[in-house]
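To keep things clear, I will list the structure first and then write my remarks on it.
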Number of protein chains: 4
Amino acid sequence: MARTIDPAKHEARRLVIIDAALTCFAATGYAGTSTAAICRQAGIGSGTFFHYFPTKQSLLLAILAYGTEETRDWFAARADDEDPLAVVVAYLDHTAEEMSDPRMAGFVRAVSAVMGEPDVEAALALDTRVLEDGLEPWIARAQAAGQVRTDLSARDLTAWMLVVLDGFLGRVAVDTDFTAEGQRDTLRDVVRRVLSR
Amino acid sequence: MARTIDPAKHEARRLVIIDAALTCFAATGYAGTSTAAICRQAGIGSGTFFHYFPTKQSLLLAILAYGTEETRDWFAARADDEDPLAVVVAYLDHTAEEMSDPRMAGFVRAVSAVMGEPDVEAALALDTRVLEDGLEPWIARAQAAGQVRTDLSARDLTAWMLVVLDGFLGRVAVDTDFTAEGQRDTLRDVVRRVLSR
Amino acid sequence: MARTIDPAKHEARRLVIIDAALTCFAATGYAGTSTAAICRQAGIGSGTFFHYFPTKQSLLLAILAYGTEETRDWFAARADDEDPLAVVVAYLDHTAEEMSDPRMAGFVRAVSAVMGEPDVEAALALDTRVLEDGLEPWIARAQAAGQVRTDLSARDLTAWMLVVLDGFLGRVAVDTDFTAEGQRDTLRDVVRRVLSR
Amino acid sequence: MARTIDPAKHEARRLVIIDAALTCFAATGYAGTSTAAICRQAGIGSGTFFHYFPTKQSLLLAILAYGTEETRDWFAARADDEDPLAVVVAYLDHTAEEMSDPRMAGFVRAVSAVMGEPDVEAALALDTRVLEDGLEPWIARAQAAGQVRTDLSARDLTAWMLVVLDGFLGRVAVDTDFTAEGQRDTLRDVVRRVLSR
DNA sequence: CATGAATGAGTCTTCATTCAT
DNA sequence: AATGAATGAAGACTCATTCAT
């Protein structure tokens with residue numbers, strides 16, 4: 001009767017819970033989502049939930065870590081690219097695409113409001129850090145290649161790129177006439193304007 | 001006689017509570033702030049709180065209405081200005097100045113994540129509406145005057161200005177190296193780039 | 001400027017509060033009525049309320065005492081009557097008449113639910129006592145005069161009269177088709193049947 | 001497997017809570033009873049309470065529904081009886097017996113004073129309705145059989161039976177010398193007198 | 001492993017009462 | 001006397017988390 005643990009099944013169920021949480025957090029916010037609601041959405045019992053995640057917060061951290069990892073992977077895959085500016089623009093497209101999952105925008109809003117929780121702030125800081133660390137070298141290389149302005153530091157330019165990107169995501173979340181797909185070209189144009197010499 | 005109400009004193013205490021709430025919401029978010037915490041911060045008893053605001057949510061709505069009114073006033077005061085682009089830039093400066101209260105950025109984050117509360121969503125929608133209605137005519141006039149590009153509609157340009165502005169506010173809230181004052185000139189530059197023909 | 005207390009004015013205002021309380025208690029019950037609601041109904045400030053009654057409960061006790069006193073007076077006025085059974089029937093009519101104030105029925109229900117408050121229970125017990133002490137001698141006299149049955153004690157007959165009376169009041173409070181006026185004759189008939197030999 | 005629910009155990013605990021509530025409501029009234037008091041009496045935590053009943057009011061409604069159901073069952077079981085008056089008298093005995101649980105009388109008082117709660121009023125109205133619908137046909141049949149007076153309508157006679165019954169219950173609650181058992185015979189006699197031609 | 005019953009700390013809110021004006 | 005602002009104890013209810021089955 002050796003009831004062996006099936007890691008694949010375990011991971012699959014973990015993802016079901018994460019997916020359910022994404023839906024709930026996006027719809028009602030982090031604090032506004034009860035673990036009971038997540039369980040309902042995931043089709044599991046409350047006891048099961050805590051088999052997979054020791055706390056509600058740990059689930060949020062897992063989701064964040066998941067996103068951070070994805071960002072890391074995305075930049076790792078471009079390690080050998082040649083055209084710096086093209087990588088930057090590709091990241092914009094990638095982000096716009098991710099936002100085509102309509103839950104993402106709500107999730108971003110929801111997460112940004114979890115304040116005063118050191119672990120969450122740390123996870124968000126790490127996420128930002130990874131993104132900056134992924135982006136800044138390409139910006140610096142683009143500066144060296146004469147593709148972008150040099151009157152601002154690479155760090156500042158990166159920060160302003162993220163300003164535009166975060167503003168874009170927030171707008172998509174709030175303004176139903178402002179869609180990620182419809183504005184993708186303008187997004188590229190705006191970023192080029194911000195970076196150009 | 002026996003007119004006990006001193007309207008000035010009443011209003012003053014109202015503002016003390018609003019100020020305390022601003023501090024708390026900015027630090028721990030709306031849901032993460034208990035009315036007890038606000039009372040502690042304001043130095044009042046729990047009963048007094050509900051003497052001034054019937055619910056926790058009504059306090060939030062009062063703050064939002066306050067901000068909306070300020071925006072309305074700001075644009076009303078510029079009704080007779082001549083240079084459209086100058087008004088737009090002045091609004092950027094005004095916003096950056098408001099953000100010099102370090103709590104404002106956190107408050108914006110906190111509020112933007114109150115989801116599922118129809119009254120709050122309505123108040124936020126109104127706030128956005130008032131801002132758009134204030135800004136868009138000036139952008140349109142700037143287009144007519146040949147000061148800004150015309151390949152995008154005034155509405156789209158307004159939306160993109162708000163993208164930059166909201167992104168800017170979010171960044172200030174998150175990145176301690178990125179201050180409203182230090183980046184004010186770059187903010188102006190970025191917006192000019194986005195708008196220029 | 002000798003601001004002398006005007007006892008008449010004081011008493012008048014006391015009665016205004018009592019009347020307001022009667023209305024409120026009848027409509028929403030004792031616990032369901034806030035002192036604020038009574039003040040609103042009476043057109044006074046909350047501070048004034050506590051000038052006239054030290055506690056909410058003391059107001060209830062005052063009303064009860066008022067009713068008890070009225071009962072006492074009613075029987076005192078009949079002290080020299082000749083026909084015992086006529087007095088009993090007259091009391092039934094008197095009660096039915098009091099119930100034509102539609103608030104009375106609700107008030108009776110409201111008061112009967114204030115349980116566990118020793119002072120209120122004592123006041124209610126006294127009220128019952130005064131009524132029993134008023135009624136029982138007449139019943140006993142009616143027995144002696146051969147007007148009513150003697151197979152039950154005067155005490156028991158009195159208790160059963162109150163059973164009918166209280167049941168009558170409760171029914172009036174609950175059944176809108178069952179009015180004090182419309183059923184007055186039947187009330188007399190029923191009591192006669194209960195008492196007759 | 002993993003079917004944790006033991007319906008019997010669940011129902012048993014539900015009854016423990018209902019029993020505790022009956023005790024508390026009878027002693028201190030509905031409004032005067034805190035959910036905490038019920039939990040203490042039932043030996044459960046506050047969370048458990050709301051696991052079984054979503055609100056304090058729903059518990060009251062459950063108890064009322066329980067009583068209504070019992071009344072319905074009682075009359076359903078007599079559907080084929082022959083002697084109408086005997087059924088009526090049997091119901092009196094049945095009620096007197098129920099009142100031998102000394103809490104019942106207090107509970108009736110407590111409940112009759114829950115005012116302004118539409119759901120409770122509806123439940124009480126239904127309870128009354130079921131009782132009337134159970135009783136009135138038997139009274140009408142007794143009239144047809146010449147067992148009771150016909151100068152009043154069956155509806156009025158039913159109302160007056162309930163007057164006596166409610167008055168009886170109220171008296172039992174208030175007068176410690178007046179017990180349900182001791183007065184059972186007189187109750188029968190009084191009702192016969194009210195109904196007789 | 002999976003479940004859901006049980007828990008109690010914590011939340012928002014109400015309200016009788018006090019007191020300075 | 002009259003007022004209403006201020007208070008804090010108490011109440012109903014929520015929810016993340018634990019644990020026996």
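Below, each value reflects all heavy atoms present in this structure, side chains not excepted, and no hydrogens, waters or symmetry copies. Note on naming: letters A, B, ... go to the chains in the order of the sequence lines (proteins, then strands), and numbering restarts at 1 for each one.
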Open item on the list: Under 4.0 Å from OP1 or OP2 of dA6(F): is there any side-chain N or O of Tyr52(B) that close?
Closed with: yes
Task: Between C1' of dA5(E) and NZ of Lys9(D), the distance in whole Å - done: 9 Å
Task: Which residue lies more 5' along DNA chain F, comparing Gly32(A) with Gly47(A) via nearest heavy atoms - done: Gly32(A)
TODO: Measure up the His51(D) and His10(D) rings against each other and bin them: parallel (under 30°), tilted (30 to 60°), perpendicular (over 60°).
DONE: perpendicular
- [ ] May I ask you to test the Tyr52(B)-Ile44(B) pair for a side-chain heavy-atom distance under 4.5 Å?
- [x] no
TODO: Would you mind classifying the nucleic acid contact of Thr48(D) as base, sugar-phosphate or nothing, using non-hydrogen atoms under 4.0 angstrom?
DONE: base
- [ ] Rounded to the nearest angstrom, tell me the gap between atom CZ in Arg40(B) and atom P in dG10(E).
- [x] 11 Å
- [ ] Check the distance between dC15(E)'s P and Ile38(C)'s CD1 and give it to me in whole angstrom.
- [x] 12 Å
- [ ] Measure from CZ on Arg14(D) to P on dA5(E) and round the result to the nearest Å.
- [x] 13 Å
Open item on the list: Both conditions, 6.0 Å and 45 degrees, for the charged tip of Lys56(C) above the ring of Tyr30(C): are they met here?
Closed with: yes
TODO: Determine, for Asp19(B) against Arg14(B), whether the closest basic-nitrogen to carboxylate-oxygen distance falls under 4.0 angstrom.
DONE: no
Task: Leu59(B) side chain reached by Ile38(B) side chain, heavy atoms, under 4.5 Å - done: yes
Open item on the list: Counting the atoms with a prime plus P, OP1 and OP2 as sugar-phosphate, which does Thr33(C) contact under 4.0 Å by heavy atoms, base, sugar-phosphate, or nothing?
Closed with: sugar-phosphate
TODO: Please give the nucleotide sitting opposite dG8(F) as a Watson-Crick or G-U wobble pair, both distances under 3.5 Å, or none.
DONE: dC15(E)
TODO: Report which part of the nucleic acid Gly45(D) touches: base, sugar-phosphate, or nothing (heavy-atom distance under 4.0 Å, all strands).
DONE: sugar-phosphate
Task: Below 4.0 Å: OP1/OP2 of dA6(E) and any side-chain N or O of Arg13(D) - done: yes
Open item on the list: Can you measure His51(A) atom NE2 to dC19(F) atom P for me and round it to whole angstrom units?
Closed with: 12 Å
- [ ] Look at Ser46(A) and dG4(E) and indicate whether a side-chain polar atom (N or O) is within less than 4.0 Å of OP1 or OP2.
- [x] no
- [ ] Could you check how far CD of Glu117(C) sits from P of dA16(E), rounded to whole Å?
- [x] 12 Å
Task: dA1(F) pairs with, by Watson-Crick or G-U criteria that keep both distances under 3.5 Å - done: none
- [ ] Would you indicate, yes or no, if dA16(E) has its OP1 or OP2 atom less than 4.0 angstrom from a side-chain nitrogen or oxygen of Thr35(C)?
- [x] yes
Open item on the list: Please report the distance, rounded to the nearest Å, between CZ in Phe49(B) and P in dG8(F).
Closed with: 16 Å
Task: Spacing of Ile44(D) atom CD1 relative to dC13(F) atom C1', expressed in whole Å - done: 14 Å
